[in-house]
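Order of listing sets the numbers, starting from 1, for every ligand and every atom in it. Note that these values count all heavy atoms, side chains included, but never hydrogens, waters or copies made by symmetry.
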Amino acid sequence: MTSGRSFYITTPIYYPSDVPHIGHGYTTVAADALARWHRQAGDDTWMLTGTDEHGQKMMRAAAANGVTPQEWVDKLVTEAWFPLLKTLDVANDDFIRTTQERHETRAQKFWQSIYDRGYVYAGEYEALYCVGCEEFKPESEIVDGTGPFEGLKVCAIHSKPLELLHEKNYFFKLSEFQDRLLALYRDRPDFVQPESARNEVVAFVQQGLKDLSISRSAFDWGIPIPWDSSHVLYVWIDALLNYATAIGYGADDENFARRWPGYHVVGKDILRFHAVIWPAMLMAAGLDVPKGVFAHGWLLVGGEKMSKSKATGIAPETLVETFGSDAFRFYFLSAIAFGQDGSFSWEDLSARYQAELANGFGNLASRTIAMIGRYFDGAVPEPGAYTDVDLAIQRVVQDAASRADEAIERFRIDEAIRAVWTIVDELNGYITDNEPWALAKDETQRERLATVLYTCAEGLRALAVLLSPIMPQSTAKLWAALGADQALGTLAEQPIREVGTWGVLPAGTATQALAPLFPRIEQAD
Ligand code: MSP
């Protein structure tokens, strides 16, 4: 069911030494929801996630745990990072690890090509390095330490002391790309989204770019530089390449041409790497730049970025165990404007679960299926003549479907969900206004009752399709309860961009009982 239009989307690759928290989960489900939407639309979709396994941070953590770096990352990836995808019901097409052979050889090939094109030179380097960020810090992110770090220079993000490094390094001529990057941001205003992120990147590049150190020689946990094996690739330079190596750069030209260029969803903390350094690397290699980079905001706890180093990380399983993965996905993708920061609170999640999922969507589904069962023996009724109120619902569905698709094109998942939710709200109001339970008592209203319940069932059909990228599990249950599996085929086969067409669910389709989609949560006191 592919349209041929390629949609390749990635998450950042995560440092496995951090235990996954809901901030990582947020990025991952956002990319997954976008991928599922496009897949459901018939686009030639590919979703990639993975882990970033080299660098000094990983080497030190392994040493502190008395194991080799490879043993250390293998354990973390297997025990924490693969399970995260299951917990959050993520349908990634591939998972790349930067310690895989496919990545290492292709990354070397990439750098050899940039070297051969004359964009690399050797030089001396001395600067302050933050191991937490795995980055030489610019002036603007160096601050004076306080408390135990009084008198030292610390990283503004990690509040930990910086290390003065002096090494022979290889440099990438990033400074040569300033004009081409500025032209890119100018010619393609949506290359970096949202607008605030774009402005930040443009201002940064306008200040001038320094050449970038791309190698380290003080340790060896990394990919050897192809022309000088006493150096390893700087971990960020190695990591960014995953987006190309995973789809066959340097090995499978056909697949690479099919997928590339793609879109990157990243947290705003790593925007510059993706919107400045990565496109410059691609330009140097003579390849297309990404289609776009979308920077989302941070999940905040107590007004600060949630992070493991500050002990504010919340494990995704904690929320999923109580509310389920659909609610996790729905909550973070709808409650936070995609691109802005958002505060998580247990109370807010509980309140939205109850109001929007249990009382809103869940109840609409339960009562529609129950009434079709009770009044029409579980067969979707044949609608009679439509009145204005029925036609208004049809327009709401059509309008919501096209507004949602348009919002997804802009990566605004929250707006898409808001548009879809108009169907939930309008249909619940429609049931209240039309009182099918009262119509059922009057034999002369039989046809009207059929029209009302058909309208509800068709609305639910559209909702199941439109919400399936966000809540795959509950929508699959609803799809089965509507009998749509039998009548229309699997939910995954339903083309999302045509979902607004009315009258798809055939009258006579046999419905099945539906357990509550979002059961009541017993609150622990
Ligand atoms: N390994 C690098 C990325 C390399 S990509 C070529 C890295 N990894 S990370 O594990 O530290 O973080 C990855 C991403 O996790 C962030 O960019 C962001 O998308 C997400 N988040 C981490 N903490 C977050 C919040 N508190 N809130 C929202 N997202 C967060 O950086």
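Aromatic ring centres of Tyr125 and Phe171 lie closer together than 6.0 Å. The distance between the ring centers of Tyr121 and Tyr170 does not fall below 6.0 angstrom. Between Phe518 and Phe330, the ring center distance fails the sub-6.0 Å criterion.
Ligand 1 has no nitrogen or oxygen under 3.5 angstrom from a nitrogen or oxygen of Tyr26. Annotation: Asn242 places no N or O atom under 3.5 Å from an N or O atom of ligand 1; distance criterion only. Residue-to-ligand polar distances keep Gly297 apart from ligand 1: every N/O pair is separated by 3.5 Å or more. Of the polar atoms of Ile13, at least one N or O is found under 3.5 Å from an N or O of ligand 1, judged by distance alone. When only interatomic distances are considered, the shortest N/O to N/O separation between Leu299 and ligand 1 falls below 3.5 Å.
Residue Tyr14 holds the heavy atom nearest to atom 13 (C) of ligand 1 of all those in Tyr15, Trp278, Tyr14, Phe332. When the heavy-atom distances from atom 31 (O) of ligand 1 to Ile277, Ile336, Ile314, Ile270 are ranked, the shortest goes to Ile270.
Numbered from 1 in the order shown, with element, the atoms of ligand 1 that lie under 4.0 Å from a heavy atom of Gly23 read 20 (C), 21 (N), 24 (C), 25 (C), 27 (N), 28 (C), 29 (N), 30 (C). Close approach of ligand 1 to Gly267 (heavy-atom distance below 4.0 Å) involves ligand atoms 17 (O), 18 (C), 19 (O). Close approach of ligand 1 to His274 is summarised as follows: ligand atoms under 4.0 Å from at least one heavy atom of the residue are 5 (S), 6 (C). Each of the atoms 6 (C) of ligand 1 lies under 4.0 Å from some heavy atom of Ala239. Close approach of ligand 1 to Lys305 (heavy-atom distance below 4.0 Å) involves ligand atoms 23 (N), 24 (C), 26 (N). Here is the list of ligand 1 atoms found below 4.0 Å of a heavy atom in Asp52: 1 (N), 2 (C), 4 (C).
Counting heavy atoms under 4.0 Å from ligand 1, residue Phe273 does not touch it at all. In Asp269, the part holding a heavy atom less than 4.0 Å from any atom of ligand 1 is the side chain.
Side-chain polar atoms of Asp18 and His24 form no donor-acceptor pair below 3.5 angstrom. For the residue pair Thr99/His54, the side-chain donor-acceptor check at 3.5 Å is not satisfied.
The 12-atom threshold is not exceeded at CD of Glu254, counting heavy atoms of other residues, nucleotides or ligands nearer than 6.0 Å.
Classified by interplanar angle (parallel below 30°, tilted 30° to 60°, perpendicular above 60°), the ring pair Tyr243/His264 is tilted.
Glu176 contributes no side-chain N or O that, together with a main-chain N or O of Lys173, makes up a donor-acceptor pair within less than 3.5 Å. With Glu71 contributing its side chain and Thr68 its backbone, the two residues share a donor-acceptor pair below 3.5 Å. One N or O on the side chain of Lys57 and one on the backbone of Gly132 form a donor-acceptor pair closer than 3.5 Å.
Remark: Asp89 does not engage Arg329 in a salt bridge, criterion side-chain N to carboxylate O under 4.0 Å. A salt bridge links Arg60 with Glu163: the closest approach of a Lys/Arg side-chain nitrogen to an acidic carboxylate oxygen falls below 4.0 angstrom. Checked for salt-bridge contact, Asp93 and Arg39 meet the test: a charged N lies under 4.0 Å from a carboxylate O.
The shortest contact between atom 20 (C) of ligand 1 and any protein heavy atom is with Thr27 OG1, 3.4 Å. Nearest protein heavy-atom contact of atom 15 (O) of ligand 1 is His24 CD2, 3.4 Å. Protein heavy atom closest to atom 23 (N) of ligand 1, with residue, atom name and distance, is His21 CE1, 3.3 Å. Of the protein's non-hydrogen atoms, the one nearest atom 6 (C) of ligand 1 is Tyr243 OH, 3.4 Å. Nearest non-hydrogen protein atom to atom 26 (N) of ligand 1 is Met306 O, 2.9 Å.
Using 4.0 Å as the threshold, His296 has a heavy atom nearer than that to some atom of ligand 1. Using a non-hydrogen distance threshold of 4.0 Å, Glu134 does not register as a contact of ligand 1.
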